[in-house]
Amino acid sequence: MKFEIVVQLKKEVLDPEGRAIQETLGRLGFRALLAVEVSKRYVVDLAGSAEADGEALATRIAKEFLANPVSEIFAVRRL
Amino acid sequence: MKFEIVVQLKKEVLDPEGRAIQETLGRLGFRALLAVEVSKRYVVDLAGSAEADGEALATRIAKEFLANPVSEIFAVRRL
Amino acid sequence: MPRIGLVQFPGSNCDADVALALKRGFDIDPTLVWHTETKLPAVDAIVLPGGFSFGDYLRSGALASHSPVMAAVKEFAKKGGPVIGICNGFQVLTESHMLPGALLRNASQKFVCKQVELVTAPGSTVYHKSLFGKTSRVPVAHGEGRYYIDPEGLKRLKDEQQIVFRYAENPNGALDDIAGIVSENGRVLGMMPHPERATNPLLGSDDGLAIWQAFLATFM
Amino acid sequence: MLPVPQPIDDTPGPTFTAVLKKHKISIEEYARILKICGRTPSLSELGVFSAMWSEHCSYKSSRVHLKRFPTEGPEVVVGPGENAGVVRLSGKLCAVFKMESHNHPSYIEPYQGAATGVGGILRDVFCMGARPIANLNALRFGERKHPRTAHLLEHVVKGIGDYGNCVGIPTVAGNVSFDASYNGNCLVNAMTVGLIHEDQIFKGYATGVGNLVIYLGSATGRDGIHGASMASDAFSTADNAERSTVQVGDPFTEKLLLEATLEVLEHGLVIGLQDMGAAGLTSSSFEMAGRAGNGLRIDLDKVPVRTTAMTAYELLLSESQERMLMVIEPGKWPELQRVLEKWQLACTVIGEVTDTGRVHVHYQGKLEVDLPVAPITDDAPKYERPMTPRKMGGSGSVVNREVDELARNLGVEKLTLAMLADTGDKAGIYRQYDSHIGVRTVLSSEQHGAAVLWIQSAWSNAGDEHLGLLTSATCNERYCRVDPRRGAAHAVLRSARAISAAGGTPLAITDCLNYGNPEDPEVMWDFSEGVDGISAACNALAVQVVSGNVSLYNQTDGVSIAPTPMIGMVGKMKDVRRAVPARYGQDVELFLLHPAGSPAFFSGSLAARHLGVDGRQGALPEIPWEAEREAMDFLRNMSAAGSLLACRDVGDGGIALTAIKMGLKDGLGLTLDLSSADIQADSAVQRYLGEIHGAYVLALKSEKQADTLRSAAALRYNKLSPVGRLAASDSIAFGGWQIDREKATETYEQGIAR
Ligand SMILES: Nc1ncnc2c1ncn2[C@@H]1O[C@H](COP(=O)(O)OP(=O)(O)O)[C@@H](O)[C@H]1O
Ligand SMILES: [Mg+2]
């Protein structure tokens, strides 16, 4: 059972990487590129078959290990 | 118009981060965790409204900049 | 007097060290070339120095490889002009496809700074011939130095004798202990270790001088 | 436009009390604010006071004590009070340096907290016009087994490394230790050393009425709002609400800012320049105006922002990183823009210098701040907080006996291994730092002693082609807990010993005084004792304090940290070819240089801590100043004569641990026999594992041995005794105890941050 966990910076937190990519591509002529946000995506494969349990476990993993609550938020999605 | 571009290492390339996460969680007792894949996710916001154009541009950005064809693959998705 | 172009990207930070090494070791004053230049000045060879061009954002070397100056550097190399890329410069070379393969995050996932020993592989370029049989002590300092290439690519590198340096002790998980490779024509060298930092025994080693010497010998 | 800024509602009551509390402003301070304003302040103005009068910016609890530091000396060019201190190295060549804490932010978000700490101290140094050439970091974490320690260590080190490596400044030395008192409050102290020409030192003055105020660097977001007041706050683990104020560092922008700043200063394009550090735009504008005795008009609508709907309050107090405030003559604006564009940096005119002596801030058609500068910068509150001497820990001999007995019960071999693990191999830390970039590094963390940098400069005196700059940072918090005064003196001494052991002469220090809650009279007493200890040591060694930083309120849930006056020292040597490492890799005879008859002691020792002895117990022996000075001179002479192969000052775990570590990383065993050394000890355990003032383990070049012994015989206060050898053997033997070398290596290398 696979889940996707996307971990991204909270809206207000500076994303220097996204900014650098956007600015550099802008200078290279990609004027249509208005913004770039960078985040991380994890795909976890979990044993067992009960979807609810799986989702709970994926959420726990995201919360306790993958995301930094100080600056990041996460979203879990069944694949 | 926003697109998600997910970039990840090719299967045959060692992903030390995924492996480290899995090992750490395994040691901590998360036995149900069979595998972890890590990838980078970019959300690009593009000016203009023609979906096809947007998708073509997002793909071009992914192909020319965001992914390295030697070691990575990518997927583009409209958000 | 050899004319060497030293390319500077925003975030390059070993440019001054390279200039100092060339000055102290060979009394050469390189010409600085800013990344926005579309044409190279009249030079005999090009150095792409180490550092964190564009903050290493996206992938190290990726954004720099699209700089205007890189089109000119590619042109230069296509005509047989000698180029050396060190550390981030090597990453720029692979990202620009001027050298095969890719440099990935170290297997340890950590930045590593230490002296390493480099073993020169056999081959027919100036680099191979002038350095073969020596081990060179040269420092590495990088977070993304794990050389990777697919099996066919590796086979080609070996068949064509494009591998120049191997680590005696692999610090980053590089495939086949690869620390430095050269283009098929032997003119473009990329290496992770920093020969500009190994130019005086007081700084830990002067084995880098022979590497610079070999670079100069590609065109002198 | 309103004639005065919109006043807050200060009707006495719970709401108003809460507003004051949130701003950490006392009722008395508020009365003072009313007087300064001559009316009720606006919320933005209250924010300004809160930031400017925070402990962090105003040093209100510490100022009365810091006056006692010796700050003037023949080589001191700029003392405390500027962005960083300056000391002369040779001719016109000067070193600029400062240490700063980023403790609280690093505990909350270790990676970004540590990274932005490095960024901040770098800016302090380069905004004086100096090129940074070295970073150091001094770290304190909770006990090794505490659940948060490993996480904090890993991320702090990564944050420091990623930032410094990217900017391209080598991290050449540091210091780390673990103690339960830091369980809820780690310390991250970062230091930067730069080089400058004496006549080109730049100060942050907003002079010249009509000159433009320029904003340079990253756009402003809500980062770290209230950060300046947060650093003055004792946070409780129950309340993590402040977690949203994380500042994110961007070392790439920092590198551009560094190059751009040095370029515009070199071209004489700016008149005043200041980093927007703690309390961002507020402190930089008030401080720049204050130093020049001028006023400023600031138009917040012009400030580049990266998020929407920011209030004036937020814009004034944001601590977004990698920003600078500059003052320039209007005529220089076009050229300035050209330079900054090359470095891809945004710059904007946001105001001008006025002759009003006041700061006026406008935003969205309103006057938000109208405050006089001088009363806020110069007349900030200053407290002589009550102090109560602590009851000291009694007799050292009681501790000596207790440790001896406990050690023998546990087994001396076991204790030694435990101490080796505790002070284990720091390679896991320093290998993550680029230590060679800049091609000046002769000795760094890898060689275990003070760092030595080879400074070749056109500004130095002729004949100084091999000039060396040495630097080291340290503090022993266990000593400070036993005796806050001698402990602090020891921190200065230990840095001086390390620098002398490498062959250098100490020049000056910076400090980072990390203490607990100053409202606790015993903590305040610790602090005052610390200042006196540092001053005494500086006077004894003829070095001065040229810069520093105070970090108070290092406490969690009512528990204050051990007093930790971190000392960063800079020294020099004539010829780096004579620099002496603290490690040695070959079979060699060892000698102990030590004050004759000096006592080994267990009070505050590593052994005592391992054996669970109460850390406040005991007493530190008096510091033998004459002997210390004589030994340092002797070492410098021996180094200059090229007699020393290696030299290591005796530290944690006493002579045995020091000698073991001298060869362990190179796979060497040891035989150590202290029977010919002139050490006072009641037991063998104390002799070998007890700690000692002013001692060094060293190895001599064989052809210089006879000469060295001869000159040592003439020493008045010190003895040089043969004490055994480093040898390619499988065992470590001392005082009748024996440890398997491989076991020791394994224990040591499990080390730190693997
Ligand atoms: N946080 C740190 N950053 C950089 N170097 C460090 C750090 N902590 C320790 N070191 C270096 O490691 C070496 C050994 O540290 P030290 O505290 O002297 O331990 P020991 O005496 O146990 O070897 C020193 O050269 C020191 O500069
Ligand atoms: Mg030491």
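Proteins come first, then strands; the chains are lettered A, B, ... in the order of their sequence lines, and each starts at number 1.
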For [X] against [Y], the heavy-atom pair lying closest together:
X: C:Tyr57; Y: D:Phe252; answer: CE1-CB, 3.8 Å
X: D:Val439; Y: C:Arg197; answer: CG1-CA, 3.6 Å
X: D:Lys342; Y: C:Trp34; answer: O-CZ2, 3.4 Å
X: D:Gly438; Y: C:Asp17; answer: N-OD2, 2.7 Å

Using a cut-off of under 4.5 Å on heavy-atom pairs, state which of D:Asp250, D:Asp162, D:Asn165, D:Leu256 scores highest against chain C.
->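 Option with the greatest count: D:Asn165.
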Do you know which of D:Glu254, D:Lys255, D:His466 has the most heavy-atom pairs with chain C at a distance under 4.5 angstrom?
->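 Ranked by contacts with chain C, first place is D:Lys255.
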Distance (rounded to the nearest 0.5 Å) between [X] [atom1] and [Y] [atom2]:
X: D:Leu443; Y: C:Leu202; atom1: CG; atom2: CG; answer: 9.5 Å
X: D:Gln344; Y: C:His35; atom1: CD; atom2: NE2; answer: 5.0 Å
X: D:Asp434; Y: C:Cys87; atom1: CG; atom2: SG; answer: 8.5 Å
X: C:Thr36; Y: D:Glu341; atom1: OG1; atom2: CD; answer: 10.0 Å

What part of [X] gets within 4.5 angstrom of chain D, counting heavy atoms only: side chain, backbone, both, or neither?
X: C:Ser12; answer: backbone
X: C:Leu20; answer: side chain
X: C:Asn88; answer: neither

Tell me, side chain or backbone of D:Thr441 under 4.5 Å from chain C's heavy atoms, or both, or neither?
->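 Looking at D:Thr441, just its backbone touches chain C.
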Engaged part of D:Val452 at the chain C interface, taking heavy atoms whose separation is under 4.5 Å |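 Answer is neither: D:Val452 stays 4.5 Å or more from chain C.
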Backbone N/O of D:Cys166 and side chain of C:Asn13: donor-acceptor pair under 3.5 Å |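 Yes, because the side chain of C:Asn13 sits within donor-acceptor range (under 3.5 Å) of the backbone of D:Cys166.
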Determine the sole option in D:Glu446, D:Gln432, D:His436 for which the side chain to side chain contact (heavy atoms under 4.5 Å, CB included) test with C:Cys113 is passed.
->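 Running side chain to side chain contact (heavy atoms under 4.5 Å, CB included) over D:Glu446, D:Gln432, D:His436 with C:Cys113 returns exactly one hit, D:His436.
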Does atom NZ of C:Lys23 have more than 12 heavy-atom neighbours from other groups under 6.0 Å away?
->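 For C:Lys23, atom NZ is crowded (more than 12 foreign heavy atoms under 6.0 Å).
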